[in-house]
Asks: 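Structure provided below as structure tokens; questions to follow.
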Amino acid sequence: MTMLDPQAKAVLDELARRQSAQPEPRDDGDALANARAMTGGLADFSGAPEDVAAVEDIAVDSPAGPIPVRLYRPAGEGRLPLLIWYHGGGGMAGSLQSHDAALRSLANSTARAIAAVDYRLAPDHSFPAPHEDCFAATRALAAQAEALGCDPGRIAIGGDSIGGLFALVVALELRDAGETLPEALVVLYPNSDFRPDRDWPSLTEESGHVMTVESLAYENDLYVPDRADRYAPEASPFLAPDLSRLPRTLFVTCERDPLRDEGEAFATRLAEAGVSLIRQREPGMIHGFLQMGGWIGATAGLRDRIAAFLDA
């Protein structure tokens, strides 16, 4: 096991300081506000937001109503390839703003337009509403790609943390519906197994590195409150019986992440199913570091690897 990266440790120390300064919650509303503040606060580690050629807030239609989407366009002529992104946050936190700086940098690094999906959040909209929004937004963005100035033949999807889970579930649903699949998947340190009796060693070994056993249980209870639902592949794609015929995939895990083991087991299943796969374990690194480029130098390398994968 590699030692914790010193820059990652500085982030963890600051998160611990913030956690200790939070007042004790008086009720469920306070607890939710505290959890969302900690998750949203990861944006503070992103550094100054980079300029991009254009940023546009739009909305796409879905059966549940309009879904906000933020479209980042880097410099470039003509129709750019598109990366549709689902942010992390446990299904109950995170936002367009929490990932704004990270996605600006990613758009510049990949030379791709990025469409960030602002899906609904638990507990007001628990499973399956968030992933249904991601699926509906993906279909709508693909249909409108040309009108948005993007290349409809070069669309990838991706996400970080639970957003990586959403990318996997959306790809499986598109495959099963016989619809056009994205050209590639970018999956960063995802959840993949919500079973209450799951027993991945990293959950306890790496508890306290951005997330704890307790904070993950809290998020899971909000996102999938009915424990029977957690055994459905739509909630826990690790349980999907067939992972074949998915697009080529970049699958990134972090060595010092509570979600490391379930992510790496999922990547193994993808490889066994014949999916074209590049898997990368980031040594000494912590969950969420796509958003930590202002504090962690390794984030730039992650963006470069995503760009190289998408250009391959």
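Note that the coordinates shown come from a computational prediction; the quantities given were computed from them, not determined experimentally.
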Asks: Just wondering, do L216 and P258 contact through their side chains at under 4.5 Å, heavy atoms?
Replies: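 In short, these two side chains touch, coming nearer than 4.5 Å.
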Asks: Ion pair present between E255 and R260, side-chain N to carboxylate O less than 4.0 angstrom?
Replies: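 Salt bridge: no.
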Asks: So, using side chain to side chain donor-acceptor pair (under 3.5 Å) as the criterion, who are the partners of S46 when residues are at least two apart?
Replies: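 Scan of S46 (side chain to side chain donor-acceptor pair (under 3.5 Å), adjacent residues dropped) gives none.
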Asks: Side chains of residues 157-172: which donor-acceptor partners sit under 3.5 Å, not counting sequence neighbours?
Replies:
from : atom 1 : to   : atom 2 : distance (Å)
D160 : OD1    : W85  : NE1    : 2.9
D160 : OD1    : G88  : N      : 3.4
D160 : OD1    : H99  : NE2    : 3.3
D160 : OD2    : G88  : N      : 3.3
D160 : OD2    : H99  : NE2    : 2.8
S161 : OG     : H287 : NE2    : 2.8

Asks: Any heavy-atom pair between the side chains of L174 and F135 that's under 4.5 Å?
Replies: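 Counting from C-beta outward, F135 and L174 do come under 4.5 Å.
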Asks: For the side chain of S126 and the backbone of P123, is there at least one donor-acceptor N/O pair under 3.5 Å apart?
Replies: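 No, S126 side chain to P123 backbone: no donor-acceptor pair under 3.5 Å.
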Asks: Please list all pairs passing the salt bridge (charged side-chain N to carboxylate O under 4.0 Å, His left out) test where one or both residues lie in residues 85-99, with sequence neighbours left out.
Replies: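 Listed by first then second residue: nothing to list.
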Asks: Can you tell me how far apart CD (Q22) and CG (N34) are? Round to the nearest 0.5 Å.
Replies: 4.0 Å
Asks: Would you say that L12 contacts I286 through its side chain, given a criterion of any heavy-atom pair below 4.5 Å between the two side chains?
Replies: yes
Asks: Taking NZ, NE, NH1 and NH2 as the nitrogens, is one of them in D5 or K9 under 4.0 Å from a carboxylate oxygen of the other?
Replies: no
Asks: The criterion is side-chain contact (heavy atoms from CB on, under 4.5 Å); which residues satisfy it with P241, sequence neighbours excluded?
Replies: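 For P241 the side-chain contact (heavy atoms from CB on, under 4.5 Å) partners, ignoring immediate neighbours, are P233.
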Asks: Hey, is the main chain of L71 close enough, under 3.5 Å, to the side chain of E56 for a donor-acceptor pair?
Replies: no
Asks: Salt bridge (charged side-chain N to carboxylate O under 4.0 Å, His left out) between D221 and R230: does it pass, once the steps are laid out?
Replies: CA-CA 10 Å; D221 285 342; R230 300 184 194 183; 2.8 Å; yes
Asks: Can you tell me which residue pairs pass the salt bridge (charged side-chain N to carboxylate O under 4.0 Å, His left out) test with a partner in residues 127-150, sequence neighbours excluded?
Replies: R79-E146, R120-D133, R139-E179
Asks: Mind jotting down which residue pairs meet the salt bridge (charged side-chain N to carboxylate O under 4.0 Å, His left out) criterion with at least one end in residues 233-252? Sequence neighbours excluded, please.
Replies: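 For residues 233-252: R175-D242, D242-R245.
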Asks: Report yes if the side chains of V55 and V52 come closer than 4.5 Å at any heavy-atom pair, otherwise no.
Replies: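 With C-beta onward as the side chain, the pair touches.
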Asks: Kindly give the cluster partners of M3, where membership spreads through any ILVMFWY side chain lying under 4.5 Å from a current member.
Replies: none
Asks: Can you list the steps and then say if F194 with Y223 is a ring pair (Phe, Tyr, Trp, His ring centres under 6.0 Å)?
Replies: CA-CA 10 Å; F194 278 91; Y223 175 56; 5.6 Å; yes
Asks: Any sub-3.5 Å donor-acceptor pair from T39's side-chain atoms to A35's backbone N or O?
Replies: yes
Asks: Sub-3.5 Å donor-acceptor pair from the side chain of D61 to the main-chain atoms of P66, do we have one?
Replies: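 No, D61 side chain to P66 backbone: no donor-acceptor pair under 3.5 Å.
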Asks: Any non-hydrogen side-chain atom of L302 less than 4.5 Å from a side-chain atom of E282?
Replies: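 Touching, per the 4.5 Å side-chain cut-off.
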Asks: The criterion is ring-ring contact (aromatic ring centres under 6.0 Å, His included); which residues satisfy it with F45, sequence neighbours excluded?
Replies: W295
Asks: Tell me, do Q144 and L141 make a side-chain contact under 4.5 Å, heavy atoms counted?
Replies: no
Asks: Can you list the residues that meet the side chain to side chain donor-acceptor pair (under 3.5 Å) rule with E173, with sequence neighbours excluded?
Replies: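 Testing E173 for side chain to side chain donor-acceptor pair (under 3.5 Å), a comparison that skips the adjacent residues, returns H131.
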Asks: Do R104 and E50 sit within salt-bridge range, that is, some charged N less than 4.0 Å from a carboxylate O?
Replies: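 Result for this pair is no, no salt bridge flagged.
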Asks: Is there a donor-acceptor pair under 3.5 Å between the side chain of D229 and the backbone N or O of P128?
Replies: no
Asks: Has the side chain of S236 got a donor or acceptor atom that lies under 3.5 Å from a matching backbone atom of Y231?
Replies: no
Asks: Within this structure, what is the OG1-CZ distance for the pair T2 and R256, rounded to the nearest 0.5 Å?
Replies: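 Result: 8.0 Å between the selected atoms.
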Asks: Among residues at least two apart in sequence or on other chains, which ones pass ring-ring contact (aromatic ring centres under 6.0 Å, His included) with F238?
Replies: W200
Asks: What's the spacing between L277 CG and L250 CG if we round to 0.5 Å?
Replies: 8.5 Å
Asks: Could you tell me if the side chain of T249 sits less than 4.5 Å from the side chain of I278, heavy atoms only?
Replies: no
Asks: Which residues pass the side chain to side chain donor-acceptor pair (under 3.5 Å) test with E183, not counting sequence neighbours?
Replies: R112
Asks: Is any side-chain N of the basic residue among R70 and D118 closer than 4.0 Å to the acidic one's carboxylate O?
Replies: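 No.
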Asks: Looking at R269 and E272, is there a salt bridge between them, counting it only when a charged N and a carboxylate O are closer than 4.0 Å?
Replies: no
Asks: Donor-acceptor check, side chain of S202 to backbone of E205, threshold 3.5 angstrom: yes or no?
Replies: no
Asks: Any salt bridge (charged side-chain N to carboxylate O under 4.0 Å, His left out) involving residues 26-36? Give me the pairs, sequence neighbours left out, ordered by first then second residue.
Replies: R26-D30
